[in-house]
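The shown structure was predicted, so the numbers you read here are calculated from the model rather than taken from an experiment.
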Amino acid sequence: MTLQYDPTRCTLCPRSCGGDRTQAKGRCRMPDHPVLARAALHHWEEPPLSGTRGAGTVFFSGCSLGCVFCQNESISQQDFGKAVSLDRLPEIFQELIAQGAHNIDLVNPTHYAHVVAQALEEPLSVPVVWNSGGYDKVETLRALEGKVQIYLPDFKYPDEEGAKKYAAARDYPAVAQAAIREMVRQTGPYEMDGQGILKRGVIIRHLLLPGRLNQAKEVMDWVANTFPPHTVLFSLMSQYIPWGKAEDYPELNRRLRKSEIRAAVAYMENLGLDGFSQEESAATAEYIPAFDLTGVE
């Protein structure tokens with residue numbers, strides 16, 4: 001399937017804003033060419049992604065979703081980054097592979113699907129990870145089939161009210177569910193190599209938010225009821241700390257309680273979901289990457 005993209009009227013993401021990317025006037029605020037904030041080995045992704053050598057993370061600037069609590073707000077909402085050429089991006093991939101990256105981990109690539117498709121015209125020697133907020137168009141994902149081996153979507157909001165309040169995206173639940181189904185269709189059940197490194201498959205992430213334990217359970221129920229056992233991996237994340245605009249939302253302006261984390265982990269275990277849960281100690285700013293143009297220039 002050919003990717004449908006008009007730089008003067010962009011409809012790559014579910015916002016379908018029709019913005020002129022040649023003038024950086026879309027909802028993502030990003031130009032047509034790639035803007036990056038960091039490209040480096042990262043050791044704090046899920047174990048089968050980071051492995052022993054690290055995931056080759058490439059952080060794209062800008063974002064079309066815009067969650068109020070985003071920990072990467074300096075690049076996703078304040079748009080820090082540096083423009084690179086279309087020729088430079090594949091070079092960065094190869095540099096990370098030469099450093100030993102287990103994979104090329106594209107972080108927040110949704111609004112740069114056209115760039116990713118071009119940069120991956122030649123297959124890489126390691127798997128490609130599409131690491132997104134889950135707010136992806138099925139049509140766009142289908143155009144990437146065969147170029148992406150691993151999908152790492154968030155499923156942030158199972159409820160329209162939460163999605164509207166925290167991301168101005170009431171359609172998020174339906175969009176994310178359809179996107180995740182498409183991702184699983186493309187990859188099939190997850191596969192590991194002999195060293196426990198993910199070769200292909202889908203890891204569904206959910207960030208536990210303060211006061212939203214019931215919504216976390218709803219996400220886990222959907223995963224358990226939608227996919228047969230051992231089809232997908234689930235990552236329950238407990239790294240939330242108040243960040244970004246969270247101070248404007250009193251219910252989010254606190255850290256997670258230990259009881260919330262323990263209850264969510266127990267629910268995941270009771271459902272028998274394959275996957276991972278973070279330690280309580282993950283809730284620290286130390287795990288937020290330094291967005292300093294490492295590996296970009």
*Quick one: closest heavy-atom pair of Arg15 and Leu65, and the distance?*
NH2-O, 3.0 Å
_Taking side-chain contact (heavy atoms from CB on, under 4.5 Å) as the definition, give me every residue that meets it alongside Lys199, ordered by chain and number, with sequence neighbours left out._
Glu191, Asp193
*Distance-minimising heavy-atom pair for Tyr151 and Thr187*: CD1-CG2, 3.7 Å
Under 3.5 Å, which donor-acceptor pairs do the side chains of residues 263-271 form with other protein atoms, sequence neighbours left out?
residue	atom	partner	partner atom	Å
Tyr267	OH	Asp221	OD1	2.8
Tyr267	OH	Asp221	OD2	3.0
Asn270	ND2	Ala266	O	3.2

*Write down the atom of Pro31, the atom of Ala24, and the distance for their closest heavy-atom approach.*
N-CB, 3.9 Å
_Backbone N/O of Thr52 and side chain of His102: donor-acceptor pair under 3.5 Å_ = yes
*Any side-chain donor near an acceptor of the partner, Tyr190 and Asp274, under 3.5 Å*: yes
*Taking atom types as modelled, is there a side-chain donor on Ser235 or Glu46 under 3.5 Å from an acceptor on the other?*
yes
*Can you tell me if Ser76 and Asn72 form a side-chain donor-acceptor pair at under 3.5 Å?*
no
*asked:* We want to know whether Ser61 and Asp79 form a side-chain donor-acceptor pair, criterion being a heavy-atom distance below 3.5 angstrom.
replied: no
*Do Val116 and Phe60 touch side chain to side chain, with heavy atoms closer than 4.5 Å?*
yes
_Smallest separation among heavy atoms of Tyr240 and Leu208, with atom names_ = CB-O, 3.6 Å
*Please report the closest heavy-atom contact between Thr110 and Leu12, naming both atoms and the distance.*
O-CB, 4.4 Å
*asked:* Check the orientation of Tyr5 and His114. Use parallel for under 30°, tilted for 30 to 60°, and perpendicular for over 60°.
replied: parallel
*asked:* Among Phe155, Phe234, Tyr157, exactly one meets ring-ring contact (aromatic ring centres under 6.0 Å, His included) together with Trp222. Which residue is that?
replied: Phe155
*Begin from the C-alpha positions of Thr8 and Asp6 and carry the test side-chain hydrogen bond (donor to acceptor under 3.5 Å, both in side chains) through to its verdict.*
CA-CA 5 Å; Thr8 65; Asp6 178 353; 2.8 Å; yes
*asked:* Taking the side chain as everything from C-beta on, heavy atoms only, tell me whether Pro158 gets closer than 4.5 Å to Pro173.
replied: no
*So, do Arg212 and Tyr166 sit near enough that their side-chain heavy atoms are less than 4.5 Å apart?*
yes
*Determine whether the side chains of Tyr135 and Asp171 contain a donor N or O and an acceptor N or O closer than 3.5 Å.*
yes
*Exercise: identify the closest heavy-atom pair between Leu209 and Leu256*: C-CD2, 3.6 Å
*So, Gln149 versus Gln186: side-chain donor-acceptor pair below 3.5 Å or not?*
no
